[in-house]
Amino acid sequence: MIVVFLGPPGSGKGTQAKLLAKECGYLHISTGDILRKALEQETPIGQKAKKFVLNGELVPDEIMLDLIEEALRPGKVIIDGFPRTINQAIGLENMLSKRNEDVFKAVFFDISAEKVVKRMSGRLICENCGAIYHEEYRPSKTEGICDVCGGKLYKRADDNQELAIKRYKVYQEETFPVVEFYKKSEKLLTLDASKDANSLHNELKRALDGC
Ligand code: AMP
């Protein structure tokens, strides 16, 4: 069963995907995480993607489709941060129809530009377990240290105010049409992503008929 998570950067897709993956046994494919790892390890994909990721732009569709094709496995899967263009959405449909599969639900994390820019600008991530914090709204108990595993917290290179605004614009232009695409095929589930993480998690689970 494939569930795709759509929404602006900073809307909580990653946090919800992690919670659902842990509780319900989904495989969590985060294209942003895969790309950041590729950049860090300087793999061929990392080298091709670097300038786009660091400038808050979208990585070309061909690279992204190859990356998804390689990451997909049978079973329960959440794809977080993909598709981000209509071409990617069509490419995914084609890929899945060859495997006799289909997108079961597209979950849209609906939230205002103002809120996501604030969320992105203060976001901190654990370099060890990937837990997500916010300097103001969800600080860790000890500054700079993860509550879950004691790992060090870091700020993503693209989580500054200037790039947050640019990434939101890219989302509006390139990704919002994907929301309409899934609406037409009646697979869309819209969530109010300004709610707190726990309420959102419960709502999401209910909408997916539990685990
Ligand atoms: P994220 O962690 O989802 O905010 O992604 C970080 C960055 O990775 C984005 O700003 C893009 O540069 C790149 N990226 C992630 N997913 C995609 C995608 N589906 N298509 C194109 N670029 C992507």
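Just so you know, ligand 1 is whichever comes first in the structure, and atom 1 is the first atom listed for that ligand.
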Asker: Check the surroundings of atom NZ in Lys37: do more than 12 heavy atoms from other residues, nucleotides or ligands lie under 6.0 Å from it?
Answerer: no
Asker: Mind jotting down which residue pairs meet the side-chain hydrogen bond (donor to acceptor under 3.5 Å, both in side chains) criterion with at least one end in residues 94-107? Sequence neighbours excluded, please.
Answerer: Asp102-Lys187
Asker: Quick one: list whatever passes ring pair (Phe, Tyr, Trp, His ring centres under 6.0 Å) with Tyr182, sequence neighbours left out.
Answerer: none
Asker: Between Cys24 and Cys211, is the SG gap short of 2.5 Å?
Answerer: yes
Asker: Starting from the N and O atoms of ligand 1, collect every protein N/O partner closer than 3.5 Å and put each pair on its own line with the distance to 0.1 Å.
Answerer:
residue  : atom   : partner : partner atom : Å
ligand 1 : 2 (O)  : Arg36   : NH1          : 2.9
ligand 1 : 2 (O)  : Arg36   : NH2          : 3.1
ligand 1 : 2 (O)  : Arg156  : NH1          : 3.1
ligand 1 : 2 (O)  : Arg156  : NH2          : 3.3
ligand 1 : 3 (O)  : Arg84   : NH1          : 3.0
ligand 1 : 3 (O)  : Arg84   : NH2          : 3.1
ligand 1 : 4 (O)  : Arg84   : NH2          : 3.3
ligand 1 : 4 (O)  : Arg156  : NH2          : 3.1
ligand 1 : 12 (O) : Glu57   : O            : 2.6
ligand 1 : 16 (N) : Thr31   : OG1          : 2.8
ligand 1 : 16 (N) : Gly81   : O            : 3.4
ligand 1 : 16 (N) : Arg84   : NH1          : 3.0
ligand 1 : 19 (N) : Gly81   : O            : 2.9
ligand 1 : 19 (N) : Gln88   : OE1          : 3.1
ligand 1 : 20 (N) : Gln88   : NE2          : 2.9
ligand 1 : 22 (N) : Val59   : N            : 3.0

Asker: May I ask you to decide if Gln47's main-chain N or O and Glu42's side chain share a donor-acceptor pair within less than 3.5 Å?
Answerer: no
Asker: Output a table of donor-acceptor pairs, distance under 3.5 Å, between side-chain atoms of residues 50-57 and any protein atom two or more places apart or on a different chain; print 'none' if there are none.
Answerer:
residue : atom : partner : partner atom : Å
Asn55   : ND2  : Lys51   : O            : 2.8
Glu57   : OE2  : Lys166  : NZ           : 3.2

